[in-house]
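Single-structure report; data block below.
Residues: numbered from 1 along the sequence shown. Counting starts at 1 for both ligands and their atoms, in listed order.
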Amino acid sequence: MATLDAPAASPLDEIIITAKLAQRPSRVPDFAAESAALVGLMKTLRTANANILQTLAEAALKLCRAHSAGVNIEEEEQGRSVFRWHGAAGRWAALVRETDPRAASLCSLARDRNEPVLIAHPKRYFDRPSAGMPALSEALVVPFAVDGVTVGTVWVVAHDGNRRFDREDLRVLTSLSEFAAVAFQVLRHTKQLQNALSEERGGSELLQAISAGLIRESDVDALYQQILDAATSIMHSDFASVQMLEEGTLHLLAWIGFHSESGRFWQQVGHDSATSCGKALDSGERFIIADTEQSETLAGTADLDEYRRSGIRAVQSTPLRSRSGELIGVISTHWRVPYEPTAGELRLFDVLARLTADLMERSKAEQALREEARRKNEFLAVLSHELRNPLAPLTTGLELLRRPENKPDLIENIHSMMDRQVSHLTRLVNDLLDLARISRGTIELQRAPLGVRVVIEAAIELVRPLIDQRRHELIVEHDGGALTVNGDLARLTQVVANVLGNAAKYTDAEGTIRLRAGAEDGQAVIRVRDSGLGIPAAQLEEVFEMFTQVREHRVHSGGGGLGIGLALSRRLIELHGGSIEATSSGLGQGSEFVIRLPLASATDNLDGNVHAGAGTPVAARKLLIIEDNADAADTLRTALESLGHIVHVAHDGADGLRLFERFAPEVVLLDIGLPGMDGYEAARRMREMADGGNVSLIALTGWGQKSDRVRAADAGFDAHMTKPATLDALTSVLSALYPWVPR
Ligand code: ADP
C-alpha cells in the first residue's frame, strides 16, 4: 500500500476524509456482479487456494471500479512489523508480495482506528509506489479482524480525481473484508496443518533412522546421542537427557545442552526430588513444568537454582517402560523459555520414548549376559583350582601308601588325610550336581515336620571341625520353644551348614560366631552373625548369585569355595517358602545371615509331603531307633513311618536293649554317641542276644572317618550312615540290606 512520505509535515486528519462518504451521492448497487464475484471467491476458498487474497483484490478492483486494489496483512519481518501485499490488482498489480513498514503504511491508519478510512492525499505525502507507478488521489481502506484482533486490510485506490469512492464502495469493501477475515483463517489453519505435517514427516524420518540404528548399531552411547538429538528436534527444545532407573534412583546416562555442573548435580535423582524427572519417577506419569519460575513444587528448592544456572525455564519428563510395563528410566526435554509441548509433539515424542526404552532394555540384557559370561569364566578358573587342590595330596597319599616300610600309624594318618580330601571333593561335586539340578529345575524336597534344633545340631556337627581348627568361639542361643518347620532335613542342614561354614571361613582365627534361633511373626528365624571380614553394601545381594565371591575375600579365606553355596542356599530356602538375606556394615565389620522359614502349621501332615523314593512301594519292616536327641529321633520315626514301616524309639542304650528284646526289630538304627553305654557297646550286646544274628544294625554317626567305619564294622554293624540321614539314603541302605525289596 502506498506509504506516507512525511507524515509529520501535516496532521493526518487533514488527509482522512471518511466523513465525506456520507455526503457523496451513492451509486446503485450491482448485485449481479457482486454475487458472481462472491461465487468465484467461494470456489477458491473451498480449495484453500493460496491465491484467494489475490482473487479478492481483483474482485475489489472490479466491484469498486477502482484503479488499483489490494489485500495487506500485518506480519513480522526481521523483528519489525510490516504490511505485506498478499493481493494486488490494477495499476499497482506488480507490487504483490512486497512489504511496507507498518509505521509508513496507509493500512496502519485503518488498523489503528479499527474502522474504515477514506484518505485523500495530496501528492506531497506519498512517493511510494515510485518508479513509474501512478500516485494515488483517493484510497478507501477497510480493516478486518480475527478473534477481535485486526490482522489486515482490504483497500481500493483511485489514481486520479475521475474516480471518487462512495457509500456503495464502502459496503462492497466491508463485505469483501469480512470474506478476507474468513479466508485469512482458512489459510492460517492450512499453513499450520502443513507445518505440522512436515514436522511430523521430519520427526518420522528421525524415528526411522533411530529404529534402523537400533538394529544395526552396537555403539549404545552413539545411539543415545542420536536419540537426544531427535528429542530436541521433535520437541523444539534446547536440552534433553536420558536417565536409567537402578535401585530406585535415576542415573544420568546421557544429556545434551545443559551445564556440565548441572549434569553432575543431577547425576542421581530420587523419588523425593522436586525436578520433573523426580516427579515422573514418583508418579510413573509424564510430568510437565511449563514455567519453572511459576512452579509451586520447585519454589525455594536447590533444583530451581540449578534450573536457573542451566538457563532452563520449562521441562517435561516422560517415563520409559520395559515391554513388560516396568519403569526403567526417564527421558526429558528442556526449554530456555516457558513452554508447553503440543499434543502433536508429545505424540511423536512418545514413539521416541518407546524406542529409547527398547534400547535401554536391550543394553541392560546385553550387560547382564556379559556379566554372566564373566562370572562363568571366573567360576571355571576357580573350579579347576578347587578340583586340583585335593588331587595333589591324594596323589601324594597314594604314592606314600605304596611304600613297603610304612608304619601302621603313618598309614592311618595318610588314610584320614585322604578321607578328608575325598570328602572335600565329594562336597564340591555334590554342589555341582545340585547346581545342575537347580538349573534344570529338578531338585526335589523330602519334606516332613522337622525340629529346627535338629537342623542346627546337624549343621554344627558338620562345621565343627572348621570352627575348632580356626579356634572360633561358637555361641548358640535357642529360644527354647519347639520350632517345627515342614522341611527337608538334609537340605536345610546343607543351608545352615553353608552359612555357618562361611562364617567360620570368612572370619579371622579366634573370631566369634553367634547362632540364634527363635520364632518371629509366625516364622522360624535362624540368625548367624560373625565378627569377620564383612561384605560391602553393594554386594549384599550379589553374594546370592551363582559364582559370586567378594573379590577382597579371596586372599583371606584360603578355605576355597566355588561361589555357589549361597546361590544354592537361597534356592533351597525359597523352595521351602522361606527367605535368606545378608546384612553387614561393610568390609571388616562382620556379617549376619538371616534365614526365615514358615513354621509348620497343625494341618501340615506327612501325606503328600514326603517323597518316598519316587513313590515306589517299600516293604514294611520293624525298625528300632536308638537316638538320644529326641527331635532327631522323632523326625526319623515320622519319616520312616510315612514309608509304611513299624517304628519304635529308645533314647539310650539300656532302654534300646530292653525294647530290642520285646519288639524283635528287623533293623536297628543306632546312634553311636549315646549317654552311658555307647552305640558300639549296645551293638555288641545285641549281637549276643537271641535273634541278634538276624537283625540288621545301621550305625548313625556324624561325618564318619574311615577309622570310625572300621570300628563300626568290628562292633557288628551291617551299615554305616552319616547324620543327618535323608530318606533317600535310608531307603537305599534298606534296599541294600534287603535286595529283594523292590525300589
Ligand atoms: P563360597 O563360600 O564357596 O565362595 P558362597 O556362595 O557360599 O560361596 O559365598 C559367596 C561369597 O559370599 C563368598 O565368596 C564370600 O565372599 C561371601 N560371604 C559369604 N558368607 C560370608 C560371611 N559370613 N562373611 C563375609 N563374606 C561372606
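Against a heavy-atom cut-off of under 4.0 Å, Gly563 is close to the following atoms of ligand 1: 1 (P), 3 (O), 4 (O), 6 (O), 8 (O). Listed by number with element, the atoms of ligand 1 under 4.0 angstrom from any heavy atom of Asn498 are 7 (O). Every atom of ligand 1 is numbered from 1 in the order shown, and the set under 4.0 Å from a heavy atom of Val543 is 10 (C), 12 (O), 17 (C). Annotation for ligand 1: atoms under 4.0 Å from non-hydrogen atoms of Ser591 are 22 (C), 24 (N), 25 (C). The Thr548 neighbourhood of ligand 1 comprises atoms 10 (C), 11 (C), with distances under 4.0 Å to a heavy atom of that residue. Heavy-atom contacts of Gly565 reach the following atoms of ligand 1: 5 (P), 6 (O), 7 (O), 8 (O) (cutoff under 4.0 Å).
Of the charged side-chain nitrogens involved, none lies within less than 4.0 Å of a carboxylate oxygen, so that Glu461 and Arg464 do not count as a salt-bridged pair. A salt bridge links Arg571 with Glu574: at least one charged nitrogen is closer than 4.0 Å to a carboxylate oxygen. Between Arg527 and Glu520 a salt bridge is recorded (basic side-chain N to carboxylate O distance below 4.0 Å).
Annotation for Trp266 and Leu252: closest pair O-CB, 3.9 Å, computed over non-hydrogen atoms.
Residue contacts with ligand 1 include Lys505, since one or more of its heavy atoms lies under 4.0 Å from the ligand. Taking 4.0 Å as the cut-off, Gly534 counts as a neighbour of ligand 1 on heavy-atom distance.
Only side-chain heavy atoms of Asp530 come within less than 4.0 Å of ligand 1; its backbone N, CA, C and O stay farther off.
Checked against Val649 for a side chain to side chain contact (heavy atoms under 4.5 Å, CB included), the options Ile626, Ile625, Leu623 give a single hit: Ile625. For the side chain to side chain contact (heavy atoms under 4.5 Å, CB included) with Leu670, the lone residue among Val667, Leu674, Ile672 that qualifies is Leu674.
Between the choices Tyr506, Phe593, Phe544, the shortest heavy-atom distance to atom 2 (O) of ligand 1 belongs to Tyr506. Ranked by closest heavy atom to atom 9 (O) of ligand 1, the top entry among Leu566, Ile535, Leu428, Ile564 is Leu566.
If you take OG1 on Thr548 and CD on Glu541, they are separated by 10.5 Å, rounding to the nearest 0.5 Å. Rounding to the nearest 0.5 Å places CD1 of Ile328 at 13.0 Å from CD of Gln243.
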